[in-house]
J.: 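Take this structure first; my questions come after.
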Amino acid sequence: MSKLSSGSRLSPEPWLVRETGWQHGRQNHFATILALGNGTIGARSILEEAPQAATPGTFLAGVYDAAGSIVDDIVNLPNFFELRLFVDSQRLSPDGLRVAAHERILDMRRGVLSRRTVFLGGLQGRYELRTERFVSRAMPCIAVLRAWLTALEGDADLLVTGDFGLGAYNTEGDWEGHKRHYGIDEVATGPRSWMLARTPESGIRVGYAWTTSLDGRPVTEPVSVRLRKGRTVCVTRIVSAASSVDIVPPADLRRTCERGLAAALRRGVPRLLAGHERAWERLWDVSDVRIPGAPKLEHAARFSIYHLLACGTAWGTPAGIAAKSLSGEGYRGHSFWDTEIYTLPFYSFSQPAMARQLVRYRLDRLETAKRSAANRGFRGALFPWESGRTGVDVTPYFPLADRSLYVFDTGKYQHHITADVAYGLMTYLTVTGDDSVMRTGGLELLAETARFWASRVVFSKRSGRYEIKGAMGPDEYHPDVDNSVYTNFLARWNLEYAARMLSDFSTRDAVKGELLFARLRLTGAELAEWRYVASRIEKTNPGRAGIIEQFDGYFKRRDVPITKRNEHGMPAWPKGVKEDDAFKTQLNKQADVVLTMLMFPDRFTAEQKRKNFEYYDRRTLHVSTLSACMTALAGLEFGIKEYALRYFTPSLFTDLNDVQGTTDKGIHTASCGGNWQCLIRGFGGVAIRDGQLSISPRVPRAWKSLRYSLRWHGALLRVTARPGSVTVRNEGKAATEAILFGKPATLKPARALRVNAPGA
């Protein structure tokens, strides 16, 4: 047993993320990267004593409020992992005591955070604090904390309180100040304590039922004990937390929380921990990756996967996955297009039940999206750029000196989110084969998103084509442009795909098709109109052109060379250009043309892909954490492999090494998803070709092999990719078809098939 691991055995080193030594100025970085979550509860890993410089964060999925804010914030709730321990009248904390030794370890395989800290206090005091905590994967509303305190030199008086601070507040939004998004309606202390909080604007109720014990005895009020030299005492807290987002009716909230607590107490901490570990083991059984020849990359890849798993859930009311997951307040806990384009492929291929929740989150908000389109003068559905609780666009704005309001350009112009949502639905359907979502809202979503684009385009008499004016692609340095390549391609695809899927449905089942068309007031003529408009959208027929212009007038912008790279190997900002003036240049935050080619690879020639990649790479700063991972993937898919590791490595370490300097606000969830895509789709060679699974790995010789698992139409496939070959074992119950290195293959149940690469 490791000395640090207080109650259980640590996993091998490749599964561990360490914080070594007390680093006061990096508290919030470690609070993020060591964060715990189960998709229902997310907890930033500040120290249990909640030092003053630390930013706590305790979040329940779907709990938002806008009181005191211009838009919805995810609510920062009371931190139930806070412990109040006093030794000889001094708070056990680095705020008041010296730290002689300190280490924390996140065990990613088990989803457990362990700690060991030695404090120095007074003239002779020396105290060792060890802790272990987790939020249960087996019981989504349960969190557990155990702490062991030992007096190493001399006796001491110990005071233990059973409560925790109720003063948590939100800090995101500099111009708004601190906001407390909840009030306490009820508090009852005792052997089993209870708290009911209510959000003032959204009216969501949040309940905590908990118990704190000292060496097995309930702490109902502050308890003083004499801590003898060498003696260890154990403080245990078990919390059952839930919200009215998942509990209907809200009147049942207290009973539900208290029943959850009672069930947890009956199991006891050892069984709770064992059940939690088994649940994580099941997740990792499908989601883990192995790179035997590159242990550092394997570790960093696991880190990305851990945080994707920590914010995904198959339980409860569907909630979006925020840009910062449930690990911080960054972006106010809002969901963006990242969900569908960056993270949904991971969940679809690895944890389809979690993916279904994300699809349902959008389907449940379709009516709101339809109202949003109508309010903007369009037909169909316009999904919000930033989405929170209700599906209303919650892109923030802020006041200017002249008392006017400035709305961020992203919310005004990034309408591509609507097609991104449809693209995500297509990804889920293609990978899982779960067409039940199409019958329960998916077909309607496709129809309404297509209607939006049919009303969003403008016909140009000059060119005889349809244009999309006043848009913004993923490259946010260039707002309010005409004919963004990314936006136009997604709009065209959305119109074509919706027309095909609705037509196919009507053909397969004429009766249900007729009923659906009647309910949606659809006609064959409208589907024909979508196809006609799609075929004539500007900038979606690249032909034989060399470099594709990112948007109208892009080539006329100032061409600024990128000449230097920073310590992470990423482009350095060119001298003489202010960030506010980037829109006047060809500098990109991320390369829209390259991403477009990744999403629609069959519509471009190999020569076009290489030429455009090289052109835009010389003009892209990769300031967005969404950029490097996709650039590495493009390098692999476009046959420019020398770029792959240049961008893949810094992207993998985005949060571990705080490459962008913003990890303190929360994990970059989309980057985690992009890293998985680069690894599995790029190096692993996984692709979807005409609705079929294709695997053609590109494993570097230095790696020796790349091992991963996929779920495809219900089958579990174990893949071992080596330089020059791939072996796939089907652990499903039925045979499935795939394309391996370009050759059709039948993967039979309980059989492994090896195929060599051409020329190997």
Side-chain angles (χ1 to χ4, degrees), residues 17 19 23-37 41-47 50-61 63-65 69-77 79 106 168-181 303-304 306-308 310-311 320-339 342-343 385-388 394-396 398 408 410 476 568 579 589 622-629 650-651 653-675:
V17 180
E19 174 193 11
Q23 303 174 62
H24 179 273
R26 301 191 69 200
Q27 290 184 73
N28 291 317
H29 168 74
F30 286 110
T32 293
I33 69 170
L34 304 178
L36 300 173
I41 299 173
R44 286 174 59 78
S45 291
I46 67 169
L47 299 187
Q52 293 180 3
T55 302
T58 304
F59 311 103
L60 296 187
V63 178
Y64 289 87
D65 190 72
S69 302
I70 52 177
V71 292
D72 269 356
D73 289 325
I74 192 166
V75 178
N76 195 344
L77 294 161
N79 173 20
L106 171 64
Y169 50 79
N170 284 67
T171 61
E172 186 75 359
D174 296 339
W175 58 93
E176 295 170 343
H178 293 169
K179 300 154 288 185
R180 186 174 175 183
H181 280 306
F303 176 83
S304 287
Y306 164 79
H307 280 286
L308 289 168
C311 62
I321 287 188
K324 293 287 191 176
S325 68
L326 291 174
S327 65
E329 289 182 47
Y331 298 107
R332 300 173 182 262
H334 298 166
S335 299
F336 294 73
W337 71 300
D338 318 355
T339 298
Y342 283 77
T343 62
W385 178 244
E386 298 194 28
S387 183
V394 285
T395 302
F398 61 88
F408 284 94
T410 51
E476 295 174 351
H568 302 293
E579 187 170 7
K589 191 173 184 181
H622 305 288
V623 173
S624 169
T625 58
L626 281 64
S627 184
C629 51
S651 183
F653 289 91
T654 291
D655 288 314
L656 278 170
N657 292 348
D658 198 9
V659 171
Q660 297 280 11
T662 54
T663 299
D664 61 330
K665 296 276 189 175
I667 286 292
H668 294 86
T669 316
S671 178
C672 294
N675 292 336

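Counting from 1, the numbers follow the sequence of the chain as shown.
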J.: Are any non-hydrogen side-chain atoms of Ser671 and Ser651 less than 4.5 angstrom apart?
T.: yes
J.: On a heavy-atom basis, which atom in Ser327 and which in Ala35 lie closest, and how many Å separate them?
T.: CB-CB, 4.0 Å
J.: Just verifying a value: how many Å separate Ile33 CD1 and Asp658 CG, rounded to the nearest 0.5 Å?
T.: 9.0 Å
J.: Just how far is it from atom NZ of Lys589 to atom CG of Leu626, taken to the nearest 0.5 Å?
T.: 9.0 Å
J.: Using a cut-off of 6.0 Å, state whether more than 12 heavy atoms not belonging to Phe30 lie near its atom CZ.
T.: yes
J.: Quickly, which of Thr669, Ile321, Asn675 forms a side-chain contact (heavy atoms from CB on, under 4.5 Å) with Leu308? Name it, please.
T.: Thr669
J.: Drop me the distance from Thr171's OG1 to Lys179's NZ, to the nearest 0.5 angstrom.
T.: 7.5 Å
J.: What I'd like to find out is whether the side chain of His334 reaches to under 4.5 Å of the side chain of Val71, using heavy atoms alone.
T.: yes
J.: So which pairs with a foot in residues 322-339 pass salt bridge (charged side-chain N to carboxylate O under 4.0 Å, His left out), sequence neighbours left out?
T.: Asp73-Arg332, Glu176-Arg332
J.: Under 4.5 Å between any side-chain heavy atoms of Phe303 and Ile667, yes or no?
T.: yes
J.: What pairs with His178 under ring-ring contact (aromatic ring centres under 6.0 Å, His included), at least two apart in sequence or on another chain?
T.: Tyr169
J.: To the nearest 0.5 Å, what is the distance between NE2 on His29 and CG on Asn657?
T.: 7.5 Å
J.: Are Pro650 and His622 packed together at the side-chain level, in the sense that at least one heavy-atom pair is separated by less than 4.5 angstrom?
T.: no
J.: Under a 4.5 Å cut-off applied to non-hydrogen side-chain atoms, are Phe59 and Asn76 in contact?
T.: yes
J.: According to side-chain hydrogen bond (donor to acceptor under 3.5 Å, both in side chains), who are the partners of His568, at least two apart in sequence or on a separate chain?
T.: none
J.: For Ser335, what residues pass the side-chain hydrogen bond (donor to acceptor under 3.5 Å, both in side chains) criterion, not counting sequence neighbours?
T.: none
J.: Which heavy atom of Ile46 sits nearest to which heavy atom of Ala54, and what is that distance?
T.: CG2-CB, 3.8 Å
J.: Can you list every pair that meets salt bridge (charged side-chain N to carboxylate O under 4.0 Å, His left out) and has a residue in residues 662-675, with sequence neighbours left out?
T.: Glu172-Lys665
J.: Verify side chain to side chain contact (heavy atoms under 4.5 Å, CB included) between Tyr306 and Leu106, making sure each step is shown before the conclusion.
T.: CA-CA 10 Å; Tyr306 164 79; Leu106 171 64; 3.6 Å; yes
J.: Is any side-chain heavy atom of Thr343 less than 4.5 Å from a side-chain heavy atom of Cys672?
T.: no
J.: Looking at side-chain heavy atoms only, is the closest gap between Arg44 and Asn28 below 4.5 Å?
T.: yes
J.: Go through the structure and list residues passing side-chain contact (heavy atoms from CB on, under 4.5 Å) with Gln660, not counting sequence neighbours.
T.: Thr625, Thr662
J.: Nearest 0.5 Å, what's the CG-OG1 distance between Leu77 and Thr58?
T.: 7.0 Å
J.: Do the non-hydrogen side-chain atoms of Asp65 and Asp72 ever get within less than 4.5 Å of each other?
T.: no
J.: Please work out which of the three classes, parallel, tilted or perpendicular, describes the rings of Trp337 and Trp385, given edges at 30° and 60°.
T.: parallel
J.: Hey, what do you get for NE2 (His181) to CG (Asn170), rounding to the nearest 0.5 Å?
T.: 4.0 Å
